[in-house]
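Here the structure comes first, spelled out in structure tokens, and everything after it is commentary.
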Amino acid sequence: MVNKEEVLIVGGGIVGLATALRVMQSQPETRLTLIEKEASVAQHQTGHNSGVIHSGLYYKPGSLKALNCRAGYQQMLDFCREQSIPHEICGKIVVATSSTELLGLEELHRRGIANGLTGLRFLQPAEIREIEPHCSGLRGLFVPQTGIVDYGAVARKYAELLAELGANIVLGETVIDIQRQGDQVEVIGGSRTWVGRVAVVCAGLQSDRLARKSEPDLPLRILPFRGEYFQFTASAPKLVNHLIYPVPDPAFPFLGVHFTRMVGGGIECGPNAVFAFGREAYKKTDFNLRDLSESLTWPGFRKVVTKYFRTGLGEYHRSLSKQAFVKALQKLIPEIQAQHLEPGGAGVRAQACDRQGNLLDDFYIREDGNIIHVCNAPSPAATASLAIGKTISDKVLSLLN
Ligand SMILES: Cc1cc2nc3c(=O)[nH]c(=O)nc-3n(C[C@H](O)[C@H](O)[C@H](O)COP(=O)(O)OP(=O)(O)OC[C@H]3O[C@@H](n4cnc5c(N)ncnc54)[C@H](O)[C@@H]3O)c2cc1C
């Protein structure tokens with residue numbers, strides 16, 4: 001059976017859903033179907049993250065991350081307010097614990113200002129302790145805009161609004177092929193086929209595989225990096241009020257293990273960043289032969305291993321040893337002890353890597369005629385989802401009209 005539509009979206013994560021929502025809000029008469037392989041939306045990165053509404057502090061001024069995070073931040077707040085989704089702007093502190101990190105903290109401050117943040121404030125050790133009494137560091141940076149939310153709840157609300165606007169959401173259908181047929185696009189699922197005028201692929205951890213269907217020489221692969229969390233036990237002393245971040249390693253695309261208060265209660269510590277042996281390998285023992293061999297045979301992978309060998313070993317050590325994980329956390333909160341923590345959840349980041357072993361830092365949207373592929377949408381893509389969705393929706397509507 002062939003189903004005819006105008007717009008076909010693959011992936012029911014926050015980026016696919018936001019894109020669909022922006023299309024339907026701009027042009028409500030559009031016939032749109034979104035196809036998701038899982039039984040419900042938000043089952044991968046969108047449902048397994050830190051839940052932080054990022055302010056736009058970290059990103060290179062002018063980058064897609066910076067522009068979409070700043071615009072998406074405000075859109076996310078407006079959306080949560082309009083839809084009564086629990087969220088909180090609690091602010092965060094970034095804390096330098098060594099002299100080299102002091103330079104990194106200054107660079108963050110410069111970037112924050114260049115990205116239009118106001119109210120950033122350097123903190124002396126005593127001021128750090130006024131905000132977070134158990135935190136120690138040489139200098140801190142207070143970022144008032146940062147907030148917390150449950151992105152799974154946000155994505156489910158996008159899906160609910162899409163259904164009200166008349167979009168069709170198909171769950172439990174894995175897209176196995178995408179092909180251009182004349183000026184139409186054929187999206188082939190396990191049990192049915194759709195034909196549309198434009199297709200947008202927002203498949204997160206599987207995005208490169210679907211991009212290679214229409215572009216076999218795609219110069220990228222997705223490498224999966226698992227992020228593991230611990231959480232404070234119910235009986236642990238209250239050592240953290242809000243959000244405490246380290247100064248990130250500028251050579252590594254992840255933010256470093258941090259303390260995050262969750263909007264539903266509880267404090268999480270993490271995530272680390274270990275190369276995962278499968279794209280959906282949420283547990284240390286999960287393994288997928290196809291995923292692993294595709295990563296290992298990608299020329300860029302070997303270069304990543306060489307480039308990040310020491311950092312990667314440290315991440316594995318902290319993954320396998322709770323004591324090592326706790327030691328990393330003690331840099332920020334010296335009083336924290338292993339018995340205060342129990343294992344929490346985990347998420348797997350979809351990180352695009354090129355042939356030269358560069359981990360793509362910025363968002364990457366690849367346009368291939370009437371097929372648009374979101375090839376790299378790491379953090380802060382959840383915060384930025386409505387802005388990314390608007391950018392892609394504008395491209396979709398210009399192809400349709
Ligand atoms: C550990 C971790 C912490 C993070 N913390 C934050 C944070 O605090 N703040 C922030 O803004 N961002 C954060 N992020 C990033 C954020 O979660 C992601 O950028 C965002 O969720 C990406 O959304 P997505 O829709 O692109 O991908 P996903 O949520 O992974 O969605 C992709 C969807 O495509 C579906 N799919 C894949 N293949 C197919 C197929 N063949 N057919 C049909 N469907 C398919 C999948 O099932 C999935 O539902 C974090 C990410 C991780 C992993």
Side-chain angles (χ1 to χ4, degrees), residues 8-20 34-56 58-59 65 68-69 72-73 76 92 146-152 154-155 158-159 169-178 187-190 200-211 213 222 224-229 243 245 253-255 257-258 260 262-263 268 270-274 276 279-280 282 344-352 363-365 373-389 392:
L8 297 166
I9 295 190
V10 182
I14 202 161
V15 174
L17 290 161
T19 301
L34 181 146
I35 306 151
E36 164 57 47
K37 72 182 171 74
E38 305 294 348
S40 53
V41 299
Q43 290 303 298
H44 291 290
Q45 297 174 90
T46 300
H48 295 90
N49 57 47
S50 300
V52 174
I53 308 177
H54 285 294
S55 60
Y58 297 98
Y59 319 113
K65 274 190 179 177
N68 284 284
C69 186
Y73 170 87
M76 181 60 64
K92 80 168 174 186
T146 308
I148 50 176
V149 71
D150 172 357
Y151 285 115
V154 172
Y158 289 173
I169 299 184
V170 177
L171 299 171
E173 182 81 34
T174 302
V175 170
I176 51 178
D177 202 0
I178 301 180
V187 174
I188 301 159
V200 185
V201 186
C202 310
L205 289 151
Q206 313 293 335
S207 56
D208 58 333
R209 284 189 176 143
L210 290 178
K213 298 290 179 192
I222 290 294
F225 287 90
R226 189 173 51 250
E228 299 154 333
Y229 294 88
L243 310 182
Y245 278 65
F254 309 117
L255 297 182
V257 288
H258 44 264
T260 313
M262 308 305 285
V263 80
E268 279 191 340
N272 55 8
V274 286
R279 295 187 182 211
E280 294 173 7
Y282 290 96
V348 184
R349 305 172 183 86
Q351 175 60 57
F363 297 151
Y364 183 47
I365 299 168
H373 290 280
V374 177
C375 289
N376 199 45
S379 183
T383 306
S385 54
L386 288 167
I388 300 172
I392 305 174

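One-based numbering, in listed order, for ligands and for the atoms of each.
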Compare [options] and give the one whose heavy atom is closest to [atom].
atom                    : options                       : value
atom 47 (O) of ligand 1 : Glu36, Arg279, Arg226, Gln43  : Glu36
atom 32 (C) of ligand 1 : Cys202, Gly11, Gly172, Gly389 : Cys202
atom 28 (P) of ligand 1 : His258, Glu280, Gln45         : Gln45
atom 7 (C) of ligand 1  : His48, Lys37, His54, Met76    : His54

For [atom], the protein heavy atom that lies nearest, with its residue and separation:
atom                    : result
atom 8 (O) of ligand 1  : Val52 N, 3.0 Å
atom 11 (O) of ligand 1 : Thr383 OG1, 2.8 Å
atom 19 (O) of ligand 1 : Ala377 O, 2.7 Å
atom 31 (O) of ligand 1 : Gly13 CA, 3.3 Å
atom 41 (N) of ligand 1 : Val175 O, 3.0 Å
atom 50 (C) of ligand 1 : Asn49 CB, 3.3 Å
atom 37 (C) of ligand 1 : Ala203 O, 3.4 Å
atom 5 (N) of ligand 1  : Ser50 N, 3.2 Å

I'd like to check whether [X] has a polar contact with ligand 1, where a contact means an N/O of the residue lying under 3.5 Å from an N/O of the ligand.
X      : answer
Ala42  : no
Val10  : no
Leu210 : no
Val348 : no
Thr46  : yes

With rounding to the nearest 0.5 Å, note down the distance linking [atom1] in [X] to [atom2] in [Y].
X      : Y      : atom1 : atom2 : answer
Leu210 : Asp177 : CG    : CG    : 8.5 Å
Ile222 : Cys375 : CD1   : SG    : 7.0 Å
Ile188 : Lys213 : CD1   : NZ    : 9.5 Å
Asn49  : Arg349 : CG    : CZ    : 10.5 Å

Subset of ligand 1 atoms that lie under 4.0 Å from at least one heavy atom of [X]:
X      : result
Gly51  : 8 (O)
Ala381 : 19 (O)
Thr174 : 41 (N), 42 (N)
His44  : 30 (O), 46 (C), 47 (O), 48 (C)
Pro378 : 19 (O)
Glu38  : 47 (O)
Tyr229 : 1 (C), 2 (C), 3 (C)
Gln206 : 37 (C), 38 (N)

Query raised in the report: Counting only heavy atoms, which portion of Ser385 has something under 4.0 Å from ligand 1: side chain, backbone, both, or neither?
Result: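 No part of Ser385 is near ligand 1 at this cut-off.
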Query raised in the report: Quick one: are Glu38 and His44 in side-chain contact, heavy atoms under 4.5 Å?
Result: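 Side chain of Glu38 against side chain of His44, heavy atoms only: contact under 4.5 Å found.
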Query - Modelled atom types, side-chain donor and acceptor of His48 and Tyr229, under 3.5 Å - result: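 Their side chains do not contain a donor-acceptor pair, so the 3.5 Å distance test is not met.
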Report task. Taking ring pair (Phe, Tyr, Trp, His ring centres under 6.0 Å) as the test, write out the residues that go with Tyr245, two or more places apart. Result ->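 In terms of ring pair (Phe, Tyr, Trp, His ring centres under 6.0 Å), with neighbours along the sequence ignored, Tyr245 is linked to His258.
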